[in-house]
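The structure appears below as structure tokens.
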Amino acid sequence: MTDITSYVLSVGLNGMKGQIIKVEATVRNDKEQCVIIGLPDTSIKESKERILNCLHALGQDIDMKKITIHLSPADVKKQGTSYDAAMLLAVLQAMSKNPVPISDKTCIIAALTLDGHLTTFHSMIPTIHQAILLGFKQIYLPPLNYLYLHKQQILN
């Protein structure tokens with residue numbers, strides 16, 4: 001496997017203001033390890049376990065692979081689980097022989113369950129709003145239902 005760096009875009013919140021986060025991944029043959037860098041908080045560091053579980057659930061061979069995930073800009077603190085799906089997709093793209101092109105007008109914002117399902121996260125609605133304001137034309141997110149939107153007081 002050649003070192004291939006892949007990236008997808010996501011959106012993070014700094015207060016209530018959105019910021020584009022570039023999620024890069026490199027997978028190479030080396031001592032088995034998964035590292036997330038770029039000022040992640042504890043919940044993002046825990047994403048490593050969700051991502052590895054999802055890779056196993058998807059039947060991906062990660063034996064003797066070093067996975068490095070970089071969240072940039074590197075000097076801005078990142079928090080929450082909203083980057084989970086973007087990190088998983090960036091890793092899958094880096095592992096693929098034929099990665100699917102993803103436009104820079106597309107962002108991924110979703111948390112993951114251990115078996116790979118997309119799920120909601122804290123502050124999801126403001127993140128979606130900021131993604132729209134940042135000019136994204138496609139936003140991949142977990143399935144939403146009426147009860148979730150009602151609970152978030154979006155629908156009355």
Side-chain angles (χ1 to χ4, degrees), residues 1 3-96 99-100 102-104 106-132 134 136 138-145 148 151-152:
M1 172 181 280
D3 291 5
I4 296 175
T5 300
S6 172
Y7 78 91
V8 297
L9 298 177
S10 190
V11 173
L13 293 179
N14 185 359
M16 290 303 286
K17 188 173 189 299
Q19 178 166 12
I20 296 173
I21 303 297
K22 185 176 184 180
V23 180
E24 300 172 283
T26 300
V27 179
R28 67 176 194 246
N29 292 323
D30 201 343
K31 180 180 172 188
E32 190 172 317
Q33 185 178 13
C34 181
V35 179
I36 302 172
I37 57 176
L39 286 181
D41 73 352
T42 303
S43 62
I44 295 173
K45 289 178 183 176
E46 291 174 351
S47 296
K48 173 174 67 171
E49 295 303 322
R50 291 187 291 277
I51 291 165
L52 292 174
N53 272 291
C54 290
L55 290 169
H56 281 292
L58 292 168
Q60 295 294 316
D61 179 16
I62 56 173
D63 290 337
M64 296 308 293
K65 303 283 190 286
K66 180 174 183 183
I67 300 168
T68 304
I69 300 168
H70 178 234
L71 306 174
S72 66
D75 59 346
V76 174
K77 288 187 180 186
K78 291 29 152 245
Q79 60 184 4
T81 58
S82 65
Y83 308 109
D84 283 3
M87 290 188 284
L88 176 62
L89 183 57
V91 170
L92 289 169
Q93 290 280 82
M95 294 176 76
S96 176
V100 176
I102 299 174
S103 163
D104 282 349
T106 300
C107 75
I108 316 296
I109 47 176
L112 292 171
T113 63
L114 289 178
D115 61 357
H117 287 91
L118 302 179
T119 189
T120 58
F121 57 91
H122 179 71
S123 72
M124 190 170 81
I125 301 300
T127 305
I128 294 167
H129 181 249
Q130 290 300 308
I132 293 166
L134 288 167
F136 286 103
Q138 285 187 309
I139 304 170
Y140 288 94
L141 42 100
L144 297 176
N145 63 37
Y148 178 81
K151 182 177 160 186
Q152 298 297 315

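Any value given below was found using the heavy atoms of this structure, including those in side chains, with hydrogens, waters and symmetry copies removed.
Between Met64 and Asn29 the shortest side-chain heavy-atom distance does not fall below 4.5 Å. Considering only heavy atoms from C-beta on, Leu52 comes within 4.5 Å of Ile67 through its side chain. Using a 4.5 Å cut-off on side-chain heavy atoms (C-beta onward), Met87 and Leu112 make no contact. Phe136 places a side-chain heavy atom less than 4.5 Å from the side chain of Leu9. Two residues are said to be in side-chain contact when any heavy atoms from C-beta on lie closer than 4.5 Å; Leu141 and Thr120 fail this criterion. Using a 4.5 Å heavy-atom cutoff, the side chains of Gln60 and Val91 are not in contact. Taking the side chain as every heavy atom from C-beta outward, Leu89 and Tyr140 never approach each other to under 4.5 Å. In this structure the side chain of Ile108 never reaches within 4.5 angstrom of the side chain of Val23, judged on heavy atoms.
The nearest pair of heavy atoms linking Phe121 to Thr127 is CE1-OG1, 3.8 Å. Annotation for Ser123 and Leu13: closest pair OG-CD1, 3.8 Å, computed over non-hydrogen atoms. Smallest separation of non-hydrogen atoms from Ile139 and Ala131: CD1-CB, 3.7 Å. Closest non-hydrogen pair, Ser82 versus Val11, comes out as OG-O, 4.1 Å.
Summarising the geometry, atom NZ belonging to Lys48 is positioned 10.5 Å from atom CD belonging to Glu46; distances are rounded to the nearest 0.5 Å. Note that CG of Leu71 is 7.0 Å distant from CD1 of Ile21, once rounded to the nearest 0.5 Å. From Lys65, atom NZ reaches atom CZ of Arg28 across 12.5 Å, with rounding to the nearest 0.5 Å. Separating the CG atom in Leu88 from the CG atom in Asn53 is a distance of 11.0 Å, to the nearest 0.5 Å.
The local environment of CD in Gln79 is sparse, with at most 12 non-hydrogen atoms from other residues, nucleotides or ligands closer than 6.0 Å.
Looking at Asp41, its side chain does come within 3.5 Å of a backbone N or O of Gly80 through a donor-acceptor pair. Between the side chain of Thr68 and the main chain of Val35, no donor-acceptor pair closer than 3.5 Å is present. A distance-only check finds a donor-acceptor pair linking the side chain of Ser47 to the backbone of Ile44 [under 3.5 Å]. Using a distance-only test at 3.5 Å, with no hydrogens or angles considered, no donor-acceptor pair links the side chain of Gln93 to the main chain of Tyr7.
Contacts of His56 classified as side-chain hydrogen bond (donor to acceptor under 3.5 Å, both in side chains), with partners at least two apart in sequence or in another chain: none.
Screening residues 9-25 for salt bridge (Lys or Arg N to Asp or Glu O under 4.0 Å), with sequence neighbours left out, gives no hits. Pairs of residues two or more places apart, or lying in two chains, that qualify as salt bridge (Lys or Arg N to Asp or Glu O under 4.0 Å) and include a residue from residues 50-60 are Arg50-Asp84.
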